There are 2 protein chains.
Amino acid sequence: MDELIKDFSKPKMSYDALLDEFKEILRKNGLKYTKQRELILKALYQNSGHFSPEVLYQLVQEEDPDMNIGIATVYRTLGLLEDEGLVSSLSFGSQGKKYELGTKEHHDHIICERCGKIVEFCDEEIEHKQETIAQSLGFSMTDHSMKIYGICPECRKETNT
Amino acid sequence: MDELIKDFSKPKMSYDALLDEFKEILRKNGLKYTKQRELILKALYQNSGHFSPEVLYQLVQEEDPDMNIGIATVYRTLGLLEDEGLVSSLSFGSQGKKYELGTKEHHDHIICERCGKIVEFCDEEIEHKQETIAQSLGFSMTDHSMKIYGICPECRKETNT
DNA sequence: CTTATTGCAAACGTTTTGCACGTTT
DNA sequence: AAACGTGCAAAACGTTTGCAATAAG
């Protein structure tokens, strides 16, 4: 069960390496390197976790209150980063999406229905099984997501559930 | 691998039995049985598949053009049916949710990224593993969802992917 | 006759877009 | 100088809500 308790919170890349990769992607696509884009990337790196665009927008504003960054830029940059595989998103129905830096190892999520806490884990057996399932149904797999919902240890204590 | 090729498209209940269950739920909760609610349930039963509220709204209108059913009623009824466990929903980020009748056995979904087709499957091993994972992280599991994305056999043929 | 339900339209929160202006290359 | 990116405000989108009228129990 050791595989589950690995620490998925640490990006496997230094910030400089990440920034270089981002710049390279921008160059390759004829896009421009801007202060706004860097601020957003940095905010994702520094506060590792899962953020809604709105929350990320607030983080970026706090980080640099002088720069009057717009929320549209946050959305546009998150879209760009996701398209290029630098961030990944988790859907929460009509409550929108949350984004996290995608420079960590692949993992799935377990979400507390009471406090919203998100814990990451990875199970090799399931990972492998998913590929097998896709193949046996004639699909070529491009992606997958697994979410477990439950009540986290802390919230269980509060109401002995 | 036989477990995968089971046919999940057939509701395990007759429409009459389903309707009876629905009426029983309504009675138990002091709610009322209305023509609109039945129309929506029937549309879900007859067109087994995964529908957005908007599409379901259209189906219901076609089924009975005289009754001027409102989309708010579709939302309200879907919410009610989901709360009572008669339907379940699949989230598609900011693109909303799709609903299906939940009177079938538990299953997961594989979704074609090109044509949107949804195929259902179930893998006992993964089902069991999810419970184990939740426990080992101290969570009590309340729900889970697994989505595999890929390209379906038909779409692969079209572009030999 | 009481209470829940309906359709409508307005409100809501999130995400996208058009545009004139700014910045990067 | 050319092309892309920005902030802003407006629009779009899916969903929810307040309300007066209606239907079910």
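Chain letters run A, B, ... following the sequence lines, proteins first and then strands; every chain starts at 1. From a predicted model like this one, the values you see are computed outputs, not experimental measurements.
Minimum atom distance to the side chain of Q36(B) is reached by dT6(C), of the listed dT6(C), dG25(D), dT15(D). Listed nucleotides: dT15(D), dT25(C), dT6(C). Nearest to the side chain of K97(B): dT15(D). Here the side chain of I69(B) is nearest to one of dG25(D), dG7(C), dT17(C), namely dG7(C). Minimum atom distance to the side chain of T34(A) is reached by dT24(C), of the listed dT5(C), dT17(D), dT24(C). Distance from the side chain of L31(A) is smallest to dC4(D) among dT6(C), dC8(C), dC4(D). Residue K32(A) has its side chain nearest to dG5(D) when only dA9(C), dG5(D), dT5(C) are considered.
You'll find a donor-acceptor pair under 3.5 Å spanning the side chain of R76(B) and the base of dG7(C), going by distance alone. Taking only distance into account, the side chain of K35(B) never meets the base of dA23(D) through a donor-acceptor pair shorter than 3.5 Å.
The CG-C1' distance, from L81(A) to dG5(D), rounds to 14 Å in whole Å. With rounding to whole Å, E54(B) atom CD is found 14 Å from dT16(D) atom P. Computed from coordinates, the L78(B) CG to dG14(D) C1' distance equals 13 Å when rounded to whole Å. Rounding to whole angstrom units, CZ of residue R27(A) and C1' of dT24(C) are separated by 13 Å. The CD-P distance, from E38(A) to dG5(D), rounds to 16 Å in whole Å. One atom, CG of L80(B), and another, P of dA4(C), lie 14 Å apart when rounded to the nearest Å. Going from atom CG of D66(B) over to atom C1' of dG7(C) covers 16 Å, rounded to whole Å. D83(A) places its CG atom 11 Å from the P atom of dT16(C), with the value rounded to the nearest Å.
In this structure, H144(A) has its ring center under 6.0 Å from that of H106(A).
At distances below 3.5 Å, at least one donor-acceptor pair connects side-chain atoms of R37(A) with backbone N or O atoms of K32(A). A distance-only check finds a donor-acceptor pair linking the side chain of R156(A) to the backbone of G138(B) [under 3.5 Å].
Of the residues near DNA chain D, V74(A) and G30(A), the one whose nearest nucleotide (by heavy atom distance) lies more toward the 5' end is G30(A). Comparing L26(B) and Y75(A) by the nucleotide of DNA chain C whose heavy atom lies nearest to each, the residue mapping closer to the 5' end is L26(B). Comparing R37(A) and G96(B) by the nucleotide of DNA chain D that holds the closest heavy atom to each, the one mapping nearer the 5' end is R37(A).
Note on L26(B): it clusters hydrophobically with Y45(B), by side-chain heavy-atom contacts below 4.5 Å among ILVMFWY residues.
Between D108(B) and K147(B) there is no salt bridge, since no side-chain nitrogen of the basic residue lies less than 4.0 Å from a carboxylate oxygen of the acidic one.
Contact annotation: N29(B) side-chain N/O to dA4(C) OP1/OP2 distance is not under 4.0 Å.
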